[in-house]
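Just so you know, these numbers use all the heavy atoms, side chains as well, and skip hydrogens, waters and symmetry mates. Labels below follow one simple rule: chain letters A, B, ... track the order of the sequence lines, proteins then strands, and each chain is numbered from 1.
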Amino acid sequence: MGKRVGLEVSLAVAEAVKLANVDVVSAYPITPQTHIVEELSVYVASGELDAEFIPVESEHSAMSAALGAAAAGARVYTATASQGLALMHEILFIVSGMRMPMVMTVANRALSAPISIWNDHGDIMAERDIGWIQIFAENGQEALDLTLCAFKIAEDKRVLLPMIVNIDGFTLSHVIEPVIIPDHAEVDAFLPPYQPVLKLDTQNPVTFGPVGVPEVYTEARKQLEQAVIGAKPVVDEVLAGFGAAFDRQYKLVEQNGKIGAKTLFVTMGSLGETCMTAVDELMAEGQDAGQTRIRLWRPFPEEEFLAACAGAEKLVVIDRALSPGAVCGPVASELKSLFYGRPGAPEIINVIAGLGGRDVTVREFKEMFALAGSGKLSGNYMMWGVESHAS
Amino acid sequence: MSKQAIMAWEDLALGTAILSPGNAKELRTGDWRSLKPKLDEEKCIKCSLCAMYCPEFCISVDAEGFYRPDFYYCKGCGVCANECPKDAITMGKEGE
Amino acid sequence: MLRDVDLSGYEKVTAKNIPWEKFITSGHRACQGCAEVLAMGMVMKAAGPETIVCNATGCMEIITSPFPQSAWTVPWLHVAFENAAAVASGVESATRALERKGKLKKRPKIIAFAGDGGTADIGLQALSGALERGHDFVYVCLDNEAYMNTGIQRSSSTPYGAMTTTSPPGKKSIGQRTWKKNMAMIAAAHEIPYVATASPAYHLDLFNKVKKALAVEGPAYLHIFATCPTGWRSDPAKSVELCRLAVQSKVFPLYEVVGGQYIITQKVKKPKPVTDYFKLQRRFRHLTPDAVEYIQSRVDEEYARLEAFEKATAPLEEVAEPPTEG
């Protein structure tokens, strides 16, 4: 039933990729993704992993080579962060549009300028419309487990889409945590070999990537949209199947703290764990506090999120990205759309926090809670902790 | 609602791939032609250079060994006439 | 530095065994007299059916694949403009892994096609990376000397003095202000097993270069000259003739670089003046006699340099004899 070890989370992700028997790894180094792909290159060099490691000359080529490999019928993995993800941007749309399954870890990191190697979600929030399944891990075990699930989800015949597993850069990728590494046989039983539906095959030639004339482009995008929306029950099913096989349960949206609380924090990623501690303390102090953690970001789990927030009057939505000039942060914007016109919709208070590696502490979450309760957090959003002459 | 689409989205192949290789041969590019090549069989030495240099890949050998363009595709570019070492091909106005 | 290159898998093409089977069908939508599609079709005839094609965005992609029709009868993949070499890297690596794991019987040949913009400009980084990593594939640059698909804008492969929509001649400009980027030599600088220039007007030379490029283990680069009558403002009927004149005037010499050894495959003993080549194209008609004289002298100089390369890289014990054109 696997072995429990203390492991850097990046290495836990690399273990998952090795256990998934990938055929091709295509990667370009960028902090804080490097430890994952370094480890994979070691596995390939030692023969522990029978795969081709393509040390490409840019992230643009990393994604392009990954696409080529997927089109040839291989199980493919890559990882990146920040500027690297931005450089891939053009190709990300093509991978999903061509329905090429693959798995990518994004070790979330702030975007330049100024250049920052530290964690926030600015990189992935700029990629909301790429048509990939996107999920967020909160801890090392989850990072490993979701990576394994991601291959099974992406390759499911009902899905056939690429998938991103987000792990917070440094604050998750570089911490050492106790992690259970499953046995290879258990993983093989859970994740069967990839059977592509269409591939580059000289015996059965197909044309991939033709010109989408106006008479077909809309329908092509509809096909993609339906695939992304239709992935949700498959994600749910695969996570449930994983839970049954490995005894670790993951849902699309998680709740903690007081169920039915009037004020809920909404978090995504590893900051959720700090927030959890704050919520526990608030509850111990007799406060009406809870928390909703979004695990699956694309497709957005609407029903699950609404159910998790039932009865809430205020949502304190933590965004780890700024969309300059927008009405609010990207997660809050999504939630405002979701709640618009619904009777009894909660007030949405948007806090943009933790940019470029800025710490958000347990105490700060409790301060947010107090400010939300007193009605002092108003306006479309506030940027938390900005040093200013005005403050 | 005006119908502008080729097909319903449900009927598209995965990722909008084309599963019938070479089906561009349905396209009648011969409609583009304003000049038409004419072969003088007396001059033709059956060297095949016209077929070699045809950008439409539409010239093939017939039962008598002459190289003939398929006018379903021939766009009338005139490369065959220009390259013919014996000046056996002349370009005339389409329809004459 | 000369290196041994294993050409044992190479089968020579002569007038007796010309490959005629086509893998790009008629019904493609190239302009009348397009030498680029002609060149691409010739490459495919030499390559055969066991080939996967990775095509960069550009004329050749759009004229062969507007949905729902495809002119391709081999597996074909188009991703984007600048990444054909990277995509081919991925295809090649996948076929290697799958063959090793028993999921693929035999690795197919892999050819990447891109235009001059997709090669010398936006795709140069991806190409350099793929050549340096040593993937076993053939990269073919189909060079029509400008961005034709977008409307005849200049690229770094546009020749000096040529008129394009972004290098217009005027009081303060001759047209294209820079000399054509030497892509074949840039590829050769990667010390890959095989590099060659080719022209559809010299079809046997072209077929044999494709065969050699496919025979070597590792990357090969072919730079193929291709008239664009639309962009060059030339008579479509003259497209192959222009490809020939470019060689005969030394504007585009045909050579190969085999393991570092330069071999001129079509020696130009009695060169035609560049004006013979220029006068069939309206993109050069604004050139003054001074400009033509400058171009002629530089063309001569570059050909002499190529001859010097050939001499300098010839094996010491023998002098390479160029194969004769059939």
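- Interatomic distance, CZ of A:F208 versus CG of C:N55, reported as 14.5 Å (0.5 Å rounding).
- Using a 4.5 Å cut-off between heavy atoms, C:T57 makes no contact with chain A at all.
- In terms of non-hydrogen atom pairs under 4.5 Å with chain A, the most contact-rich of C:A97, C:A130, C:A88, C:S93 is C:S93.
- Across all their heavy atoms, A:E57 and C:G129 have their closest contact at OE1-CA, 3.7 Å.
- Contact count against chain A (heavy-atom pairs under 4.5 Å) is highest for C:R133 among C:R133, C:Q69, C:E50, C:H135.
- Note: C:A86 leads C:A94, C:A86, C:P68 in heavy-atom pairs under 4.5 Å with chain A.
- Counting heavy-atom pairs under 4.5 Å between each of C:E61, C:R96, C:R100 and chain A puts C:R100 at the top.
- Within 6.0 Å of atom NZ in C:K105, 12 or fewer heavy atoms from other residues, nucleotides or ligands are found, so the atom counts as exposed in its surroundings.
- Remark: C:K101 does not engage A:D50 in a salt bridge, criterion side-chain N to carboxylate O under 4.0 Å.
- Neither the backbone nor the side chain of A:V44 comes within contact range of chain C; no heavy atoms are under 4.5 Å apart.
- Only the backbone of C:V74 comes within less than 4.5 Å of a heavy atom in chain A; its side chain stays farther off.
- Using a 4.5 Å cut-off between heavy atoms, C:E82 touches chain A through its side chain atoms alone.
- Interface residue A:A51: only backbone heavy atoms are found under 4.5 Å from chain C.
- The contact list for residues 209-231 of chain A toward chain C, using heavy atoms and a distance under 4.5 Å, reads A:G209, A:P210, A:V211, A:V213, A:V216 by residue number.
- Closest heavy-atom contact between C:N83 and A:S64: ND2-OG, 2.8 Å.
- A:E90 approaches C:A80 most closely through the heavy-atom pair OE2-CB, 3.7 Å.
- For a residue to count as touching a neighbouring chain, one of its non-hydrogen atoms must lie under 4.5 Å from one of that chain's; by this rule C:L77 touches chain A with backbone and side chain alike.
- Only the side chain of C:P108 comes within contact range of chain A, with heavy atoms under 4.5 Å apart.
- By number of non-hydrogen pairs under 4.5 angstrom with chain C, the leading residue of A:I94, A:V76, A:V24, A:D23 is A:D23.
- Top candidate by heavy-atom pairs under 4.5 Å with chain A, chosen from C:P75, C:S89, C:A85, is C:P75.
- Residues of residues 188-205 of chain A lying under 4.5 angstrom from chain C, judged on non-hydrogen atoms, are A:L200, A:D201, A:T202, A:Q203, A:P205 by number.
- Only the backbone of C:T73 comes within contact range of chain A, judged by heavy atoms closer than 4.5 Å.
- Between C:S70 and A:T207 the shortest heavy-atom distance is OG-OG1, 2.6 Å.
- With a 4.5 angstrom heavy-atom cutoff, A:M98 touches chain C only via side-chain atoms.
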